[in-house]
Amino acid sequence: MEEGPLSSPGEAGVGPAPRPVAAISAVILAAGLSSRMQGPVKLLLDICGEPMIRRTARNVLGCHPVETVLVTGHASEQVEAAVSGLPLRCVRNPDYAAGQQSSVQAGVKALARHCEGVIIVLGDQPLVTPAHFRSLIEAFSAQPEGAIVIPCHEGRRGNPVLFSACHIPSIIGGNLNVGCRRLIERLPEKVYRMASDIPSFTLDCDTAEDYSNILAMSRQEAGR
């Protein structure tokens with residue numbers, strides 16, 4: 001599978017007509033312990049007037065997924081209250097303490113509608129906008145069947161990860177971990193690294209310092 005930067009929309013060129021944009025379902029991971037935050041539930045921290053998880057969920061919904069499932073675990077009632085009224089479905093992962101992969105499996109297993117791909121979104125990435133999600137979906141739509149698309153910024157692997165629906169049985173069965181850092185080495189023929197100049201793909205919120213940086217960036221964006 002070809003790897004490299006995507007052509008920008010403004011580049012001229014003649015080629016085959018683009019494939020239609022794929023129908024994507026979304027799984028938002030919101031079950032973590034926030035242990036490195038040393039106190040607060042990070043997903044409930046304020047981002048320009050709303051909880052972080054609500055900002056992330058609204059951004060996901062802005063790219064119009066076929067279906068959106070939000071997986072909760074730690075502080076589930078508070079997290080679910082924070083997204084109240086949004087057109088998504090909350091699923092609780094009783095094994096959330098076992099790690100992120102258990103939440104990925106719970107969310108993917110809960111999907112009920114037909115789709116061509118599934119995007120796994122970290123709940124603590126509120127700076128990934130609907131436009132950023134659309135760029136990832138467009139990259140996925142241009143790849144062959146079975147693709148796994150990972151955004152990369154300045155050589156760093158980012159999130160979210162978008163994978164073909166044909167991998168759903170392997171993920172539910174525990175045979176494929178899309179969060180694995182060795183995924184690119186294990187499945188080079190399936191993985192497309194989408195080179196991007198968007199730093200938001202590599203920014204999440206694990207520590208108080210991360211939160212300060214994200215808050216400053218979100219305020220800067222709001223002030224434009």
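These numbers come from a predicted model, not from an experiment.
What you find for A57 and L88 is that their closest heavy atoms are CB-CD2, 3.8 Å. Heavy-atom minimum distance, D124 versus L43: N-CD2, 3.7 Å. Residue A139 comes nearest to M194 through the heavy atom pair CB-SD, 3.7 Å, listed as atom of the first residue, atom of the second, then distance. Considering every non-hydrogen atom in both I47 and Y211, the closest pair reads CD1-CE1, 3.9 Å. Of all non-hydrogen atoms in L183 and V178, the two that sit nearest each other are CD2-O, 3.9 Å. Nearest approach of H74 to V41, heavy atoms of both residues: NE2-CG2, 4.1 Å.
Looking at heavy atoms from C-beta onward, L45 lies out of side-chain contact with P51 at the 4.5 angstrom threshold. Counting only heavy atoms from C-beta outward, the side chains of V71 and Y96 never approach each other to under 4.5 Å. Using a 4.5 Å heavy-atom cutoff, the side chains of V161 and I119 are not in contact. The side-chain heavy atoms of V66 and H114, taken from C-beta on, include no pair separated by under 4.5 Å. Considering only heavy atoms from C-beta on, L136 comes within 4.5 Å of P160 through its side chain. Here the side chains of C63 and I137 are in contact, with some heavy-atom distance below 4.5 Å. Side-chain contact between V104 and V27 is absent, with no heavy atoms from C-beta onward closer than 4.5 Å. A 4.5 Å side-chain heavy-atom check between L70 and V91 finds every atom pair outside the cut-off.
Ionic pairing of R36 and D210 is not present here: no N-O contact between side-chain nitrogen and carboxylate oxygen is shorter than 4.0 angstrom.
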Could you walk me through whether I148 and S164 pass the side chain to side chain contact (heavy atoms under 4.5 Å, CB included) check?
-> CA-CA 6 Å; I148 301 171; S164 173; over 6 Å; no

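For residues 57-72, the set of pairs meeting the side chain to side chain donor-acceptor pair (under 3.5 Å) definition, not counting sequence neighbours, comprises E50-R58, E67-R89, T72-E80.
For R193 (side chain) and I150 (main-chain N/O), no donor-acceptor pair under 3.5 Å exists by modelled atom type. Between the side chain of S196 and the backbone N or O of H153 there is no donor-acceptor pair closer than 3.5 Å.
Checked against ring-ring contact (aromatic ring centres under 6.0 Å, His included), H132 has the following partners two or more places apart in sequence or in another chain: F201.
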